[in-house]
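So the structure is just underneath, and the comments pick up after that.
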Amino acid sequence: QVQLVESGGGLVQAGGSLRLSCAASERTFSRYVMGWFRQAPGKEREFVAAISRSVGSIYYADSVKGRFTISRDNAKNTMYLQMNSLKPEDTAVYYCAADLRNTRVTEISEYNYWGQGTQVTVSS
């Protein structure tokens with residue numbers, strides 16, 4: 001059972017950048033489809049980005065396309081989310097998620113493993 005730990009969150013001004021990391025506990029990290037989700041105060045958790053096992057497929061929410069970049073380093077058991085041109089509406093707790101399946105990767109229900117989340121706050 002994989003364990004996930006996010007890091008890299010913080011406070012940044014609008015237009016700034018942050019890079020989130022998600023470290024996985026398993027050496028079989030490469031077998032997992034990985035995703036980033038976020039939850040703003042008073043809102044439901046929503047999909048941000050997902051990446052297939054071998055980086056063959058990448059998916060983004062429309063709200064982050066062109067600003068965020070998801071990547072993974074299977075040798076380091078780590079996934080990343082580079083966030084540029086941040087906006088106040090990007091403020092949320094960001095969660096990484098993992099699953100062995102490779103279906104409906106934008107759906108929260110498809111992921112069985114979750115990190116504890118890292119707070120991202122973008123000031124205007």
Side-chain angles (χ1 to χ4, degrees):
Q1 180 171 335
V2 66
Q3 294 181 329
L4 305 172
V5 179
E6 302 97 334
S7 61
L11 173 64
V12 64
Q13 289 187 333
S17 299
L18 282 174
R19 188 175 84 152
L20 305 183
S21 298
C22 173
S25 61
E26 283 201 3
R27 288 176 291 176
T28 56
F29 173 74
S30 62
R31 296 172 55 196
Y32 290 84
V33 173
M34 301 295 297
W36 286 101
F37 293 79
R38 67 186 182 186
Q39 188 165 16
K43 295 187 177 181
E44 294 186 350
R45 193 170 299 188
E46 65 176 7
F47 168 75
V48 175
I51 188 167
S52 64
R53 299 179 185 92
S54 60
V55 198
S57 299
I58 289 177
Y59 310 82
Y60 293 103
D62 288 342
S63 58
V64 307
K65 277 182 183 176
R67 300 188 299 121
F68 291 11
T69 302
I70 189 173
S71 62
R72 66 190 295 166
D73 185 337
N74 288 338
K76 294 182 178 180
N77 296 345
T78 303
M79 174 179 66
Y80 304 97
L81 185 68
Q82 178 66 44
M83 305 186 295
N84 299 327
S85 302
L86 282 161
K87 305 175 181 180
E89 51 263 45
D90 294 318
T91 295
V93 176
Y94 283 70
Y95 299 90
C96 68
D99 204 84
L100 291 170
R101 296 170 295 179
N102 191 32
T103 57
R104 299 199 299 265
V105 297
T106 65
E107 299 292 326
I108 293 171
S109 60
E110 291 300 292
Y111 291 87
N112 279 314
Y113 307 104
W114 292 83
Q116 82 290 349
T118 184
Q119 176 71 47
V120 171
T121 303
V122 184
S123 63
S124 58

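With values rounded to the nearest 0.5 angstrom, W114 atom CH2 is found 10.0 Å from D99 atom CG. T118 contributes atom OG1, which lies 9.0 Å from atom CG of L18 (distance to the nearest 0.5 angstrom). Distance CZ/R104 to CD/E110: 4.0 Å, rounded to 0.5 Å. Rounding to the nearest 0.5 Å gives a distance of 9.5 Å between OG of S57 and CD1 of I51. Annotation: the span from Q82 atom CD to L20 atom CG amounts to 9.0 Å, rounded to 0.5 Å. Between the CZ atom of F29 and the OG1 atom of T78 there is a distance of 6.5 Å, given to the nearest 0.5 Å.
Contact between A40 and A92 at its shortest, heavy atoms only, is N-CB, 3.8 Å. Contact detail for A14 and S124: the closest heavy-atom pair is CB-CA, 4.4 Å.
The cationic atom of R72 (NZ for Lys, CZ for Arg) does not lie both less than 6.0 Å from the six-membered ring centre of Y80 and within 45° of the ring axis.
Open room surrounds CZ on R31; 12 or fewer heavy atoms of other groups in view lie less than 6.0 Å from it. Heavy atoms from other residues, nucleotides or ligands lying under 6.0 Å from CD of Q3 number 12 at most.
With hydrogens and angles ignored, the 3.5 Å screen pairs a side-chain donor or acceptor of T91 with a backbone N or O of V122. Judged by distance alone, the side chain of R67 and the main-chain N or O of S85 form a donor-acceptor pair under 3.5 Å.
In the hydrophobic clustering of ILVMFWY residues, with side-chain heavy atoms under 4.5 Å counting as a link, V105 and W36 come out apart. Note: the hydrophobic cluster containing M79 also contains Y113 (ILVMFWY, side chain heavy atoms under 4.5 Å, direct or indirect links). Hydrophobic clustering, with ILVMFWY side chains joined whenever heavy atoms are under 4.5 angstrom apart, keeps Y60 apart from Y111. One hydrophobic cluster holds both I58 and V48 under the rule that ILVMFWY side chains link at heavy-atom gaps under 4.5 Å. Side-chain heavy atoms closer than 4.5 Å link hydrophobic residues (I, L, V, M, F, W, Y) into clusters, and following such links, even through other members, never connects V64 to V93.
Counted by atom type alone, E26 and T28 present one or more donor-acceptor pairs between their side chains at under 3.5 Å. Side-chain contact, N84 with S17: a donor N or O sits under 3.5 Å from an acceptor N or O. No hydrogens or angles considered: nothing links the side chains of S21 and E6 as a donor-acceptor pair under 3.5 Å.
Two residues are said to be in side-chain contact when any heavy atoms from C-beta on lie closer than 4.5 Å; R53 and N102 meet this criterion. With a 4.5 Å cut-off on side-chain heavy atoms, D90 and M83 do not count as touching.
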Could you go through the side chain to side chain contact (heavy atoms under 4.5 Å, CB included) check for R19 and L81 one step at a time?
CA-CA 6 Å; R19 188 175 84 152; L81 185 68; over 6 Å; no
Test side chain to side chain contact (heavy atoms under 4.5 Å, CB included) on R101 and N112 and set out the steps.
CA-CA 9 Å; R101 296 170 295 179; N112 279 314; 3.7 Å; yes
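The one candidate from E44, Q39, R45 that meets the side chain to side chain contact (heavy atoms under 4.5 Å, CB included) condition with I108 is R45. The one candidate from Y95, F47, Y59, Y94 that meets the ring-ring contact (aromatic ring centres under 6.0 Å, His included) condition with F37 is F47.
Identified under the disulfide bond (SG atoms under 2.5 Å apart) test for residues 31-124, with sequence neighbours left out: C22-C96.
Annotation: salt bridge (Lys or Arg N to Asp or Glu O under 4.0 Å) contacts of K65 (sequence neighbours excluded): D62.
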